[in-house]
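To start, the structure under review is shown below, and the notes come after it.
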Amino acid sequence: QLQLVESGGGLVQPGGSLRLSCAASGFTWRFYAISWFRQAPGKEREGVSCISSRGGNTNYADSVKGRFTISRDNAKSTVYLQMNSLKPEDTAVYYCALGTGSSCPPPDFGSWGRGTQVTVSS
């Protein structure tokens with residue numbers, strides 16, 4: 001049974017920080033790249049960041065580059081997204097997704113988490 005669960009979202013003021021977590025169970029986590037996506041109401045899903053299976057390769061959307069950092073701890077089967085200098089435009093539901101390959105970007109995505117809400121507002 002494959003499962004990804006996001007956590008760590010919440011309400012934060014502009015310029016603040018949050019750390020999101022994506023916890024996995026039911027499969028061999030270390031074999032696969034993991035990506036973060038986000039979707040705001042009325043907008044299409046946007047890719048945010050990706051990390052390769054061993055953490056040696058990462059990428060970021062231009063809109064978050066320099067502010068967000070993706071990392072993983074395969075011993076804990078968890079991927080993190082550290083979000084700093086948050087802007088109102090970052091408000092969205094954030095999802096993690098299992099890649100179908102080990103590198104970034106993977107050719108496709110399989111399992112998705114349920115998402116965690118991030119709201120940036122003063």
Side-chain angles (χ1 to χ4, degrees):
Q1 184 178 15
L2 305 180
Q3 186 173 20
L4 302 173
V5 179
E6 303 93 337
S7 63
L11 175 64
V12 64
Q13 293 182 343
S17 298
L18 287 172
R19 188 181 72 165
L20 306 184
S21 298
C22 174
S25 63
F27 62 97
T28 307
W29 176 260
R30 65 182 175 87
F31 289 164
Y32 304 104
I34 300 293
S35 289
W36 286 96
F37 293 82
R38 65 187 182 185
Q39 188 166 25
K43 298 182 179 179
E44 66 181 14
R45 186 180 62 199
E46 175 188 17
V48 175
S49 185
C50 179
I51 186 165
S52 62
S53 60
R54 298 182 181 180
N57 184 37
T58 60
N59 61 34
Y60 300 90
D62 288 342
S63 59
V64 307
K65 196 171 298 181
R67 299 188 297 119
F68 291 10
T69 303
I70 191 170
S71 62
R72 70 190 297 161
D73 185 342
N74 284 343
K76 297 181 178 179
S77 297
T78 303
V79 167
Y80 304 96
L81 185 68
Q82 178 67 45
M83 306 187 296
N84 298 325
S85 301
L86 283 162
K87 304 175 181 179
E89 305 94 276
D90 296 318
T91 296
V93 177
Y94 284 71
Y95 302 89
C96 63
L98 178 71
T100 56
S102 62
S103 60
C104 289
D108 205 349
F109 298 94
S111 297
W112 294 73
R114 304 193 326 272
T116 185
Q117 176 71 49
V118 172
T119 302
V120 184
S121 177
S122 59

For [X], all residues meeting side chain to side chain donor-acceptor pair (under 3.5 Å), sequence neighbours excluded:
X     : result
Asn59 : none
Ser17 : Asn84
Glu46 : Arg38, Ser63
Ser71 : none

- Message: Could you list the cluster mates of Tyr95? Members are the ILVMFWY residues connected by side-chain heavy atoms closer than 4.5 Å, either directly or through other members.
- Response: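 Cluster partners of Tyr95: Phe37, Val93, Phe109, Trp112.
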Return the [atom1] to [atom2] distance between [X] and [Y], rounded to the nearest 0.5 Å.
X      : Y      : atom1 : atom2 : result
Ile51  : Thr58  : CD1   : OG1   : 6.5 Å
Thr28  : Leu2   : OG1   : CG    : 10.0 Å
Thr91  : Gln117 : OG1   : CD    : 7.5 Å
Leu86  : Ser121 : CG    : OG    : 12.0 Å
Thr116 : Leu81  : OG1   : CG    : 11.0 Å
Met83  : Arg67  : CE    : CZ    : 9.5 Å

Minimum heavy-atom separation for [X] and [Y], please, with both atom names.
X      : Y      : value
Ala40  : Ala92  : N-CB, 3.8 Å
Pro107 : Thr100 : CG-OG1, 3.3 Å
Pro106 : Cys50  : CD-SG, 3.8 Å
Cys96  : Ile34  : CB-CG2, 4.4 Å

- side chain to side chain contact (heavy atoms under 4.5 Å, CB included) partners for Ala23, two or more places apart: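 Expected list: Thr78.
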- Query: Which residues satisfy the side chain to side chain contact (heavy atoms under 4.5 Å, CB included) test with Ser122, sequence neighbours excluded?
  - Reply: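 Ser122: side chain to side chain contact (heavy atoms under 4.5 Å, CB included) contacts with Pro14.
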- Name all pairs fulfilling the ring-ring contact (aromatic ring centres under 6.0 Å, His included) condition that reach into residues 9-30, sequence neighbours left out, sorted by first residue then second.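 Every ring-ring contact (aromatic ring centres under 6.0 Å, His included) pair that includes a residue of residues 9-30, provided the two are not neighbours, is Phe27-Trp29.
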- Task: Scan residues 38-80 for pairs that pass ring-ring contact (aromatic ring centres under 6.0 Å, His included), counting only residues two or more places apart or in two chains.
- Result: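 Not a single pair qualifies under ring-ring contact (aromatic ring centres under 6.0 Å, His included).
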- Message: So Ser53 and Tyr32, do their side chains get closer than 4.5 Å, heavy atoms only?
- Response: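 They are not in side-chain contact.
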- Query: Tell me, do Ser35 and Pro105 make a side-chain contact under 4.5 Å, heavy atoms counted?
  - Reply: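 The answer is no, as the side chains (C-beta and beyond) never meet within the 4.5 Å cut-off.
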Who are the salt bridge (charged side-chain N to carboxylate O under 4.0 Å, His left out) partners of [X], not counting sequence neighbours?
X      : value
Asp108 : none
Arg19  : none
Lys65  : Asp62

- Message: If hydrophobic clusters are built from ILVMFWY residues whose side chains come within less than 4.5 Å, do Leu11 and Tyr94 share one?
- Response: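 No, it is not one cluster - the side chains of Leu11 and Tyr94 are not joined through contacts under 4.5 Å.
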- Just by modelled atom types, is the Ser52 backbone N or O under 3.5 Å from a matching donor or acceptor in the Arg72 side chain?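 Confirmed, Arg72 side chain pairs with Ser52 backbone.
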- Message: I'd like to know if the side chain of Glu6 and the backbone of Arg114 have a donor-acceptor N/O pair within less than 3.5 Å.
- Response: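 Present.
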